Amino acid sequence: MAQFWKPGTERPPLLDDDEGGILLYSASSSSSGYGYVSIEKQRQRLPVFKYRMAILYLVETHATTIVVGETGSGKTTQIPQFLKEAGWADGGRVIACTQPRRLAVQAVASRVSEEMGVKLGEEVGYTIRFEDLTDRVTQDSTRIKFLTDGVLLREMMEDPLLTKYSVIMVDEAHERSISTDVLLGLLKKIQRRRPELRLIISSATIEAKSMAAFFHTSKKRRGLEGEDCVPKTEPAILSVEGRGFNVQIFYVEEPVSDYIQAAVSTVMSIHDQEPMGDILVFLTGQDDIDAAVRLLTEEAQNNRKSSSGLVVLPLYSGLSRADQDLVFSPIPRGKRKVVISTNIAETSLTLEGVSYVVDSGFSKQRFYNPISDIENLVVAPISKASARQRAGRAGRVRPGKCYRLYSEEYFVKEMSAEGIPEMQRSNLVSCVIQGCSGALEGCLLNMEGILDIRVGRRDKLKALGIDNILGFDWPASPSPEAMIRALEVLYSLGVLDDDAKLTSPAGFQVAEIPLEPMVSKMILASNQLGCSEEIITIAAILSIQSIWISVRGQQKDLDEAKLRFAAAEGDHVSFLNVYKGFLRSGKSPKWCNKNFVNYQAMRKVVEIREQLKRIAQRIGIVLKSCESDMQVVRKAVTAGFFANACNLEAFSHNGMYKTIRSSQEVYIHPSSVLFRVNPKWVIYNSLVSTDRQYMRNVISINPSWLIEAAPHFYQHHHPNSIPH
DNA sequence: GAGCACTGC
């Protein structure tokens, strides 16, 4: 066997582009693609293949192995197969491999089943939310299972030690999504109880050392370590080269003041001076992208000679499926494709054939302020890791070039190495209910104390033992304020008790429903109020992006169509009207088009609704319709979303509201049916932050319902804000 | 009368 690395011997080198601007370069890898070679030959050509023995050795002897591998190394598809071939799935055990995204789970599972020559859903299977393609009923024959990290977290509710798995591989750990981080924190705990469990953490170049430090438990089992069956606690690190090509990096000499304009001129000069090859431009959002597309199209018209060969395409998640697919479709010979994209092209979508990348150095990022309890989306500088990932997009099929619209000095001296993990930028309500409640078990916690902390008595914090909870060992610790906020909301929802344990039955029921806790609580309340049919429809609609078709230039028509469904009570009730209309039409695509309703979205709503119905029935919710009594529907919404209650300012001429809990200034979004109606008391589903805070999906309520729904929450903090 | 990076259970 070729290369073989043991701890203590010289380590294979990690590649880095900090100095030379060389990325992912692998001289030995063949560039001819797969061609007509047999599957076995293809497998052997992957860079990871020559590390087969090394990987198996490390997994055998170490509790945790960290595999640092670039795109195209083959680690995701091959390592689970190596493990299976080496016997890790014998005796009914299962090898798990997690991914952050659903699409990746499906794609990888299908590839691996093909390579192994087995039917997907039997020996090789996958699970994503609402979709389980594993064999657990007839034969329990699934040996390799791909799943999203969120699904694995959910499995821990049933089986906290994940006993059926012999090896768990956490892929793309460098992305540091909330669920990956929660999973890593909990897996570390599981390891203590299950020394036979093996973890493989797979990551791009960054952070291998800090990840290793995280998994290096200080408790050493002296005398046992290194003996049969007991693995070393110190994680092994193995590096596998990728299959990418050399990407040459260029920087601007002086900082640019307008990155949109700079991106446009860079595209033009690439087009003038460089050989054929597609261009991928990274900007921040829809506004930027539409502006850049417009500018480039104008250039193409004014300056025929140099830019006539450009096909300019926008790419962001808000585009319809058909518009997104355009970027994958072939273009006429002799033309050059320019894709102007958000971060969606950084990880979620891969465009083959890109030779040039233009990187603005910015992206939109979410930040959470636990004091105001508001999440903001702001344009912020990207990290070095992100910049590298973007550059790598130019070297997938041949050597490429990356033009960074910032200076080399800025990259070297000022750009942070990694982004802030999502866990430190988010509202933690969902996260706490999913993973943390298990981890928090056994910690003493007095919620009254927590509420006092908000009012300013921080000295109580230590005495109450909250340190235990806040000090839980995450790969990235969230701020105490954010954690307290989340616990406070869950306590008010009646989901956690004074000891931060799930309440019975409400807490367990809420945890069982795979939706945000506030939505789940709304569903529970609908059971008592006799409107579960309606509320489940609302929950399904709220869980997809939008039910409307948005076509640029037809905004007015859409607004008019919306009016046909508008209900005085608010958006939630209007959604019910759309759903009823859709059913009455016989789920007709034609009806949808006529009414500016997105047919695909409505089919998804129907599907999710069916799944939610099944889950609801399983946890004892009786399906019942309230017919036309919308008051109970509004009460159920209040029971889940009381924390988002707002009051219209008494003398406001411009529709200014203030949130009850933190007196934040907020406005009804113009897309809401209650825009300009301005009822005195409303509850919103979410906030959008731009120059103002806009409430999206708003429903009017009676303030007395708030105290009814959440006596602790409102009587404790705001005794005077609500008329009795 | 205005505008939503990207995921996930």
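Numbered from 1 within each chain, the chains take letters A, B, ... in sequence-line order. Just so you know, these numbers come straight off a predicted model, no measurement behind them.
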ask   = What is the distance, rounded to the nearest whole Å, between atom OH of A/Tyr694 and atom C1' of B/dG3?
value = 9 Å
request  = Please work out which of the three classes, parallel, tilted or perpendicular, describes the rings of A/His669 and A/Tyr694, given edges at 30° and 60°.
outcome  = perpendicular
note = Across all chains, not counting sequence neighbours, the salt bridge (charged side-chain N to carboxylate O under 4.0 Å, His left out) partners of A/Lys562 are none
Side-chain donor-acceptor pairs under 3.5 Å in residues 517-527 of chain A, sequence neighbours left out?
residue	atom	partner	partner atom	Å
A/Ser520	OG	A/Glu516	O	3.2
A/Lys521	NZ	A/Leu493	O	2.8
A/Ser526	OG	A/Ile523	O	2.6
A/Asn527	OD1	A/Val622	N	3.0

Nearest-nucleotide comparison on DNA chain B, the residue closer to the 5′ end among A/Thr342 and A/Ile513 = A/Thr342
query = B/dG1, B/dC6, B/dG8: which one has an atom nearest the side-chain heavy atoms of A/Tyr316?
reply = B/dC6
inquiry  = Over all strands shown, is A/Asp287 touching base, sugar-phosphate only, or nothing at heavy-atom distances under 4.0 angstrom?
reply    = nothing
inquiry  = Measuring to OP1 and OP2 of B/dC9, would you say a side-chain N or O of A/Thr148 lies under 4.0 angstrom away?
reply    = yes
task = Look at all strands and tell whether A/Arg692 reaches a base, only sugar-phosphate, or nothing, counting heavy atoms closer than 4.0 Å.
result = nothing
inquiry  = What is the distance, to the nearest angstrom, from the CG atom on A/Asn427 to the P atom on B/dG8?
reply    = 19 Å
message = By the 4.0 Å heavy-atom rule, please label A/Arg129 as base, sugar-phosphate, or nothing.
response = base
query = Given B/dA2, B/dG8, B/dA5, which nucleotide is nearest the side-chain atoms of A/Gln286?
reply = B/dA5
query = OP1, OP2 of B/dC6 versus side-chain N and O of A/Ser317: anything below 4.0 Å?
reply = yes
Most 5' of A/Asn343 and A/Pro670 on DNA chain B, judged by nearest nucleotide = A/Pro670
message = Distance check needed: B/dA5 P versus A/Arg176 CZ, whole Å only.
response = 25 Å
Nearest to side-chain heavy atoms of A/Arg101, which nucleotide of B/dA5, B/dC9, B/dG8 = B/dG8
task = Using salt bridge (charged side-chain N to carboxylate O under 4.0 Å, His left out) as the criterion, list what pairs up with A/Arg603, not counting sequence neighbours.
result = none
message = So, using salt bridge (charged side-chain N to carboxylate O under 4.0 Å, His left out) as the criterion, who are the partners of A/Lys188 when residues are at least two apart?
response = A/Asp473
request  = Could you tell me the separation between the CE atom of A/Met423 and the C1' atom of B/dG8, rounded to a whole number of Å?
outcome  = 14 Å
request  = Answer with yes or no whether the side chains of A/Glu346 and A/Ser386 bring together a donor and an acceptor at under 3.5 Å.
outcome  = yes
task = Please state how far atom CG in A/Asp290 lies from atom C1' in B/dG3, giving the value in whole angstrom units.
result = 11 Å
query = Between atom CG in A/Asp288 and atom C1' in B/dG3, what is the gap in whole Å?
reply = 13 Å
ask   = Could you give the CD-to-C1' distance, from A/Glu175 to B/dA5, as a whole number of Å?
value = 14 Å
ask   = What does A/Leu377 touch in the nucleic acid at a heavy-atom separation under 4.0 angstrom: a base, only the sugar-phosphate, or nothing?
value = base
query = Which of these, A/Val354, A/Val358, A/Leu315, sits in a side-chain contact (heavy atoms from CB on, under 4.5 Å) with A/Leu280?
reply = A/Val354
ask   = In residues 514-526 of chain A, what residues come within less than 4.0 Å of DNA chain B, judged by heavy atoms?
value = A/Pro514, A/Leu515
key: salt bridge (charged side-chain N to carboxylate O under 4.0 Å, His left out) against A/Glu155, all qualifying residues, sequence neighbours excluded   = A/Lys145
note = Closest of B/dG8, B/dC9, B/dA5 to the A/Ser430 side chain is B/dG8
note = When rounded to whole Å, the NE2 to C1' distance for the pair A/His669 and B/dA2 reads 5 Å
inquiry  = Looking at A/Thr347, I'd like to know whether one of its side-chain N or O atoms comes within less than 4.0 Å of OP1 or OP2 on B/dT7.
reply    = no
message = Once you apply a heavy-atom cut-off of 4.0 Å, does A/Ser177 come out as touching a base, just sugar-phosphate, or nothing?
response = nothing
